Amino acid sequence: MPSIDVVDLSRLQFALTALYHFLFVPLTLGLSLLLAIMESVFVMTGRPVWREMVKFWGTLFGINVAMGVATGITMEFQFGTNWAYYSHYVGDIFGAPLAIEGLMAFFLEATFIGLFFFGWDRLSSLGHLIVTWLVAIGSNLSALWILIANAWMQHPVGAHFDPATMRMELSSFYKVVFNPVAQAKIVHTVSAGYVVGSMFVMSISALYLLRGRHRELAKRSLTVAASFGLASALSVVVLGDESGYMAGLNQQMKIAAIEAMWQTEKPPASFTVFGLPDAKTETTHFAIRVPWVLGLIATRSLDTPIPGIKQLVAAAEQHIKSGLVGYGDLVKLRAAHATTVPPDMRGPLGDLGYALLLKRIRPDIEHATPAQIDAAALSTVPDVPVLFWAFRVMVGFGFYFILLFAIAFYLASRRMLDQRWFLRLALWSLPLPWLAAELGWIVAEYGRQPWIIDGVLPTFLGASTEPVADLWFSLFGFVLFYSTLAVVDVYLMVKYVRLGPPPEAPGAPLRAALAADGN
Amino acid sequence: MLPIDYATLRLLWWAFLGILLIGFAVTDGFDLGAAILAPFVARNDTERRIVLNAIGPVWEGNQVWFILGGGAAFAAWPPLYAVSFSGFYLAMFLVLAALILRPVAIAFRGKLEAAGWRRAWDWAFFVSGLVPALIFGVAFGNLFLGVPFRFDDTLRVSYEGGLFGLLNPWALLCGVVSVAMLTMHGASWLALKSDDAVAQRSRSVARWAAIVLIVLFTVAGLWLAYAVPGYVIHGAVNTDAPSNPLNKTVVREAGAWLRHYGNHPWLAAVPGLTYLGAAAVAILARGKEKLAAFLASAVAVAAIVATAGISLFPFLLPSSLDPNSSLTVWDASSSQATLGIMLVATLIFLPIIIAYTGFVFRVMRGPVTGAAIEQRRHELY
């Protein structure tokens with residue numbers, strides 16, 4: 001077993017590199033689609049200002065994509081480097097969507113991105129438009145497959161444990177792809193990316209309008225961002241609600257922790273708007289509750305109870321006891337070199353993951369005492385105060401984005417975009433969608449703890465067996481390296497925003513030069 | 001379910017893994033080679049930018065072969081993905097750092113005019129080519145020696161030895177072979193995609209790199225035959241069994257890595273193609289057939305990767321610590337269901353990928369000239 005230091009450092013490294021990667025991903029998702037929309041307008045209307053917009057936002061897109069691609073490489077390999085047992089244990093299922101992401105999506109995006117930047121004078125305007133759309137489609141499909149993989153960690157369907165190979169194996173690819181958690185997650189996450197892209201375009205355009213620069217480009221950009229942003233912000237919240245419903249059905253502990261709901265309430269459960277959850281006493285102080293709301297969100301009914309944390313811990317205890325029976329069965333099956341599991345052993349073997357929680361307490365889990373089983377059951381509760389607050393801040397931002405984009409949309413449609421209070425508000429709101437997106441990931445992944453695969457494999461068992469010194473080295477390396485790159489990236493972004501779009505170059509000499517290329 | 005048995009699926013996936021590695025070496029290989037060469041064939045800012053823009057429109061797509069190789073290993077060979085990347089932890093960290101540096105160096109260098117800024121990114125670009133080229137070769141070298149890992153009975157892997165254990169003379173020779181190979185390939189690409197001084201220097205580098213490659217490849221072959229004992233599965237092999245690497249016995253035998261060429265002499269055509277390709281580069285590099293020289297270089301690169309894969313077969317990752325823990329084609333794959341589904345996905349998407357990659361290369365054909373760089377100072381890299 002890896003030492004706890006190695007597990008904690010691996011978790012920290014994964015969290016930092018993933019959160020850092022997701023600073024660039026949502027902007028790529030949103031901006032690629034906004035570029036495709038702007039270029040479509042250019043091709044349909046033939047007005048050069050729209051091409052100028054595509055080129056200007058495209059330059060910022062290019063700076064961002066370089067960072068997104070660079071930090072994505074780490075993610076593709078980090079499961080192998082730091083989570084070797086996880087990779088062995090679930091690679092049969094989890095690897096497939098990752099590989100298909102490469103085949104179907106990332107290849108498309110990365111191949112055509114070169115043409116997006118270099119193909120302006122080698123393709124017809126329709127040809128270039130198709131290229132831009134392919135980049136946008138590629139990056140969005142990429143998100144789809146990654147989220148299918150991620151959803152499987154939250155709600156592992158379509159798989160079974162095979163004692164002969166000591167790992168989870170695929171039973172139904174269909175179930176993995178059409179995982180209900182994946183459906184809700186994809187739309188929620190992709191829409192969040194569109195909000196980030198819209199806010200980026202809106203804030204920078206607002207800056208230009210405040211300074212009275214590049215007005216033609218800025219007004220048009222802001223109008224596009226306002227409409228696209230409003231639709232996306234609505235979609236994030238509505239489908240975020242769908243995500244909540246799915247969590248209510250499939251990830252009950254997560255939703256109970258988000259709500260700091262210690263006890264099962266009489267349905268329909270109330271929603272706690274404010275409170276100070278206290279994990280020690282298992283109560284929430286100063287709680288302000290709105291009746292019915294949580295019950296409606298999480299169950300879509302008035303009479304289905306939502307189990308509270310204490311009830312879920314009691315259920316986990318039963319799973320652990322059943323899992324210990326499964327663990328005993330597994331020892332027998334392996335001694336007999338069995339390749340199939342008798343039907344009566346399948347239930348207990350399905351709870352094996354719960355029994356493995358005991359490995360953190362003692363290696364010979366078959367001798368666990370009732371007190372140790374209680375402790376293991378209690379360890380299934382994630383960090384309630386962090387989830388409670390991360391979720392509320394994220395949701396608060398979500399509603400704020402709807403309001404802000406609605407105002408922007410109204411002002412744009414009335415041609416009243418020069419309200420300075422609004423432009424300032426839009427400018428200063430720039431970092432908020434990133435903050436909301438990162439908090440969303442904290443809710444999703446920190447809320448999944450102590451599991452790396454919900455109910456199947458505890459996180460501490462998933463880590464590689466590395467020397468602690470190697471972990472410190474790589475962690476420091478990433479922090480140092482990524483911080484430097486962040487400084488450079490922000491510096492370049494600011495520099496290019498300040499420069500603004502280059503004065504529209506006269507087309508003729510450019511084309512002549514290219515003709516001389518022998519093209 | 002596909003009407004294909006488990007053993008055949010495993011063989012097909014072994015071949016696909018090889019195809020992905022070859023795709024990576026043949027496409028992104030010239031990007032890495034161009035990065036290694038940049039300080040030597042490009043002596044002023046315009047020439048540096050010619051090198052960057054010669055790979056500019058395609059390197060990003062090329063790199064996906066590597067990402068996809070990682071993803072495909074995860075999906076089709078989970079123990080290989082788990083053991084190799086965690087076993088080569090620090091080496092992998094260096095490769096990742098280099099590959100993270102590369103996109104940033106390419107995209108950011110031209111964004112500011114300051115000479116210091118550009119010089120810094122030039123260094124970063126050079127390192128981002130040299131480090132992966134060297135480490136990939138060293139890693140392949142260590143596959144032949146075996147890596148010090150073992151599984152416990154829950155199939156958890158553990159290691160003895162770290163980064164410096166990898167840096168032994170044989171593995172370093174393989175590292176140098178890899179650098180020579182990619183330098184030749186990058187030079188052939190730059191000869192094709194640039195003009196004037198950069199092209200002239202690249203052609204002469206391509207020629208010399210090809211000659212060095214022929215010599216080093218021969219030395220490596222002799223070393224492998226006489227000084228690196230191979231691994232052999234002892235007894236009957238069940239090619240349809242569930243993937244559990246602990247159910248076999250493996251022994252070490254001198255000269256065993258070259259035994260396939262004795263048993264099937266026609267296989268010697270694969271290393272033979274390395275010689276043919278590299279010799280053609282050495283001859284064609286100075287002439288007018290620049291495309292033919294590049295294609296010959298691609299053949300040599302593909303043949304070297306294939307030679308390594310065939311020599312190791314059926315081993316994917318032998319263990320020096322506990323040879324029975326070695327990963328082979330027959331006991332380190334995904335389940336039959338996963339291999340089948342991934343086969344369908346690959347058969348659908350790989351031809352599409354090759355088609356549109358070909359399209360992009362065609363659209364961007366023709367050399368990058370100094371004049372075009374000067375004309376489009378703000379648009380190009």
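Letters A, B, ... mirror the listed sequences (proteins, then strands); counts begin at 1. Source: prediction; values computed, not measured.
- Nearest heavy-atom pair, B:P103 versus A:A70, reported as atom, atom and distance to 0.1 Å: CG-CB, 3.8 Å.
- Of the N and O atoms on the side chains of A:S474 and B:Y89, at least one donor lies less than 3.5 Å from an acceptor on the other residue.
- Both the backbone and the side chain of A:L103 come within contact range of chain B, each with at least one heavy atom under 4.5 Å from a heavy atom of that chain.
- Atom CD of B:E60 sits about 12.0 Å away from atom CZ of A:F116, to the nearest 0.5 Å.
- A donor-acceptor contact shorter than 3.5 Å links the side chain of A:R334 to the backbone of B:D153.
- Taking CG of A:D162 as the reference point, atom OG of B:S243 lies at 9.5 Å (rounded to 0.5 Å).
- The shortest non-hydrogen separation linking B:S86 to A:A84 is OG-CB, 3.5 Å.
- Heavy-atom distances place both the backbone and the side chain of A:L461 under 4.5 Å from chain B.
- Using modelled atom types, one side-chain atom of B:T338 and one backbone atom of A:D92 make a donor-acceptor pair closer than 3.5 Å.
- Only the side chain of A:Y482 comes within contact range of chain B, judged by heavy atoms closer than 4.5 Å.
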Chi angles and distances behind the side-chain contact (heavy atoms from CB on, under 4.5 Å) call for B:R156, A:Y89: CA-CA 9 Å; B:R156 177 179 295 282; A:Y89 206 78; over 6 Å; no

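- The contact between B:S333 and chain A is made entirely by backbone atoms, counting heavy-atom distances below 4.5 Å.
- If you measure heavy-atom distances from B:F359 to chain A, the contacts under 4.5 Å come from the side chain alone.
- Taking the six-membered ring where tryptophan is involved, the planes of B:Y356 and A:F112 are tilted, since the angle between them lies from 30° to 60°.
- Here the CE atom belonging to A:M166 is positioned 12.0 Å from the CZ atom belonging to B:F151, to the nearest 0.5 angstrom.
- Put simply, the side chain of B:V363 reaches to within 4.5 Å of the side chain of A:L123, judged on heavy atoms.
- Among B:L350, B:I67, B:D195, B:N244, the residue with the largest count of heavy-atom pairs under 4.5 Å with chain A is B:I67.
- Taking every heavy atom of both residues into account, B:S334 and A:R167 meet most closely at C-NH2, 3.3 Å.
- If you measure heavy-atom distances from A:A159 to chain B, you find no contacts under 4.5 Å at all.
- Using a 4.5 Å cut-off between heavy atoms, A:F79 contacts chain B through both its backbone and its side chain.
- Minimum interatomic distance between A:L170 and B:A337 (heavy atoms only, all atoms of both residues): O-CB, 4.3 Å.
- Heavy atoms of B:A107 lying under 4.5 Å from chain A belong exclusively to its side chain.
- Ring geometry for A:F473 against B:F93 counts as perpendicular: the plane angle is over 60°, on a 0 to 90° scale with 30° as the lower cut.
- Contact annotation: the side chain of B:V58 never approaches that of A:F118 to less than 4.5 Å [non-hydrogen atoms, C-beta and beyond].
- In terms of heavy-atom pairs under 4.5 angstrom with chain A, the leader among B:F88, B:F66, B:W77 is B:F66.
- Contacts with chain A were tallied for B:I106, B:L90, B:V104, B:T357; B:L90 has the most, counting heavy-atom pairs under 4.5 Å.
- Heavy atoms only, all atoms of each residue included: B:K111 and A:Y496 are closest at O-OH, 2.7 Å.
- With a threshold of 4.5 angstrom between heavy atoms, B:L96 approaches chain A through side-chain atoms but not through N, CA, C or O.
- Distance check: A:I100 CD1 to B:I341 CD1 gives 8.0 Å after rounding to the nearest 0.5 Å.
- Both the backbone and the side chain of A:F107 come within contact range of chain B, with heavy atoms under 4.5 Å apart.
- With rounding to the nearest 0.5 Å, the separation of CD in A:E466 from OG in B:S158 is 10.5 Å.
- Heavy atoms closer than 4.5 Å to chain A are found in both the backbone and the side chain of B:L101.
- Contact count versus chain A (heavy atoms, under 4.5 Å) is highest, among B:M92, B:R102, B:M342, B:M364, for B:M364.
- Of the atoms belonging to B:A97, heavy atoms from both backbone and side chain fall under 4.5 Å from chain A.
- When heavy atoms are compared at a cutoff of 4.5 Å, A:D489 approaches chain B by way of both its backbone and its side chain.
- Atom CZ of A:F481 has more than 12 neighbouring heavy atoms from other residues, nucleotides or ligands inside a 6.0 Å radius.
- Interface remark: of the candidates A:G102, A:G127, A:P97, A:A96, A:A96 forms the most heavy-atom pairs closer than 4.5 Å to chain B.
- Both the backbone and the side chain of B:W65 come within less than 4.5 Å of a heavy atom in chain A.
- Using a 4.5 Å cut-off between heavy atoms, A:E169 contacts chain B through its side chain alone, with no backbone atom that close.
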Check against side-chain contact (heavy atoms from CB on, under 4.5 Å), A:Y491 and B:L112: CA-CA 11 Å; A:Y491 175 75; B:L112 297 181; 3.5 Å; yes

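- For the options A:N82, A:L98, A:I113, heavy-atom pairs under 4.5 Å to chain B are most numerous at A:N82.
- When all heavy atoms are compared, the tightest approach of B:R365 to A:R122 is O-NH1, 2.8 Å.
- Only the side chain of A:L492 has a heavy atom closer than 4.5 Å to any heavy atom of chain B.
- Contacts of A:L108 with chain B are made by both backbone and side-chain atoms, with heavy-atom separations under 4.5 Å.
- Between the side chain of A:Y85 and the main chain of B:T154, a donor-acceptor pair closer than 3.5 Å is present.
- The contact between B:I100 and chain A is made by backbone and side chain atoms together, counting heavy-atom distances below 4.5 Å.
- The 12-atom threshold is not exceeded at NZ of A:K175, counting heavy atoms of other residues, nucleotides or ligands nearer than 6.0 Å.
- In this structure, chain A has a heavy atom under 4.5 Å from the side chain of B:I353, while its backbone stays farther away.
- Looking at A:T465, its side chain does come within 3.5 Å of a backbone N or O of B:V157 through a donor-acceptor pair.
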